[in-house]
Amino acid sequence: QVQLVESGGGSVQAGGSLRLSCAASGRTFSNYDMDWFRQAPGKEREFVAAIRRSDISTYYADSLKGRFTISRDNAKNTVYLQMNILKPEDTAVYYCAAGSISGDPRTYNYWGQGTQVTVSS
């Protein structure tokens, strides 16, 4: 069992930046692949980024490459999502997740409560 708590969301103007954090507790954090998802109003939850436990390789949704960066600090049991050049279409609730590597949100066992990101034009 692992518990996940996101923070760092907020309101920002287009072109701005935010850094989200996801603090984990419970089982050994370094044993988990970690992912970020987001869900906009009226839309399905979608994959944003992932970072693997083994070789720290990273993966991104094609539309977000170059603007978002995922990283992790195993000593702090925390995964981060740095978001730059934010656009209004990035507005969503952002979730961290663990327990799968599929990118399909239905296969993940562990979720945080989410943090709201609002980007105004």
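Because only heavy atoms are used, hydrogens play no part in the values below, and waters and symmetry mates are left out as well, while side chains stay in. Computed from a predicted model, the values in this text were never measured in an experiment.
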Next on the checklist: Looking at every heavy atom in both V5 and Q113, which two are closest together, and how far apart are they?
Outcome noted: CA-OE1, 3.6 Å
Next on the checklist: To check you understand the geometry: which heavy-atom pair defines the closest contact between S121 and P88, and what is its length?
Outcome noted: CB-CG, 3.9 Å
Item to check | Distance under 6.0 Å and angle within 45° of ring axis: R45 vs Y95 | outcome: yes
Item to check | Closest heavy-atom pair and its distance - V93, G114 | outcome: CG1-CA, 3.8 Å
Checklist entry - With a 4.5 Å heavy-atom cut-off, do R38 and D90 have their side chains touching? => result yes
Item to check | N/O donor-acceptor pair under 3.5 Å between Y108 side chain and G103 backbone | outcome: yes
Next on the checklist: Measuring from atom CD1 of I56 to atom CG of N74, what distance do you get when rounded to the nearest 0.5 angstrom?
Outcome noted: 6.0 Å
Item to check | I70 with V2, same ILVMFWY side-chain cluster at under 4.5 Å | outcome: yes
Checklist outcome for this item: Minimal heavy-atom distance between A50 and D35, with the atoms involved, is CB-OD2, 3.5 Å
Item to check | Interatomic spacing from OG in S30 to CG in N77 - rounded to 0.5 Å | outcome: 8.0 Å
Checklist entry - What do the steps show when you test R52 against T58 for side chain to side chain contact (heavy atoms under 4.5 Å, CB included), and what is the final call? => result CA-CA 7 Å; R52 294 294 169 249; T58 57; over 6 Å; no
Item to check | Flag, side chain of S63 to backbone of A61, donor-acceptor distance under 3.5 Å | outcome: no
Checklist entry - Is it true that L81 and Y59 fall in one hydrophobic cluster, defined by side-chain heavy atoms closer than 4.5 Å? => result no
Item to check | Non-hydrogen side-chain atoms of F68 and L86 separated by less than 4.5 Å | outcome: yes
Checklist entry - Atom CH2 in W36, atom CD in E46: separation rounded to 0.5 Å? => result 14.5 Å
Next on the checklist: Check whether F29 forms a cation-pi arrangement with R72 (NZ or CZ under 6.0 Å from the six-membered ring centre, at most 45° off the ring normal).
Outcome noted: yes
Item to check | Closest non-hydrogen atom pair between V119 and Q13, with its separation | outcome: CG1-C, 4.0 Å
Next on the checklist: Give me each pair satisfying disulfide (SG to SG under 2.5 Å) with a member in residues 34-68, each pair once, sequence neighbours excluded.
Outcome noted: none
Checklist entry - Any sub-3.5 Å donor-acceptor pair from S102's side-chain atoms to D104's backbone N or O? => result yes
Checklist entry - T91 versus V117: any side-chain heavy-atom pair under 4.5 Å? => result no
Item to check | Side-chain touch T69/Y80, heavy atoms, less than 4.5 angstrom | outcome: no
Next on the checklist: Is there a path of hydrophobic side-chain contacts, each under 4.5 Å between heavy atoms of I/L/V/M/F/W/Y residues, joining Y60 to M34?
Outcome noted: yes
Checklist entry - At what distance, to the nearest 0.5 angstrom, does CG of L64 lie from CG of D62? => result 9.0 Å
Next on the checklist: Looking at every heavy atom in both R53 and D33, which two are closest together, and how far apart are they?
Outcome noted: N-OD1, 2.9 Å
Checklist entry - Rounded to the nearest 0.5 Å, what separation is found between the OG atom of S71 and the CD atom of Q82? => result 8.0 Å
Checklist entry - Is the closest side-chain donor-acceptor distance between N84 and S17 under 3.5 Å? => result yes
Item to check | Distance flag, aromatic centroids of F37 and W111, threshold under 6.0 Å | outcome: yes
Next on the checklist: Strictly by salt bridge (Lys or Arg N to Asp or Glu O under 4.0 Å), give each pair with a member in residues 6-25 just once, sequence neighbours left out.
Outcome noted: none
Checklist entry - Side chains of Y94 and Q116: does their closest heavy-atom pair fall under 4.5 Å? => result no
Item to check | From CG (L4) to OG (S25), nearest 0.5 Å | outcome: 7.5 Å
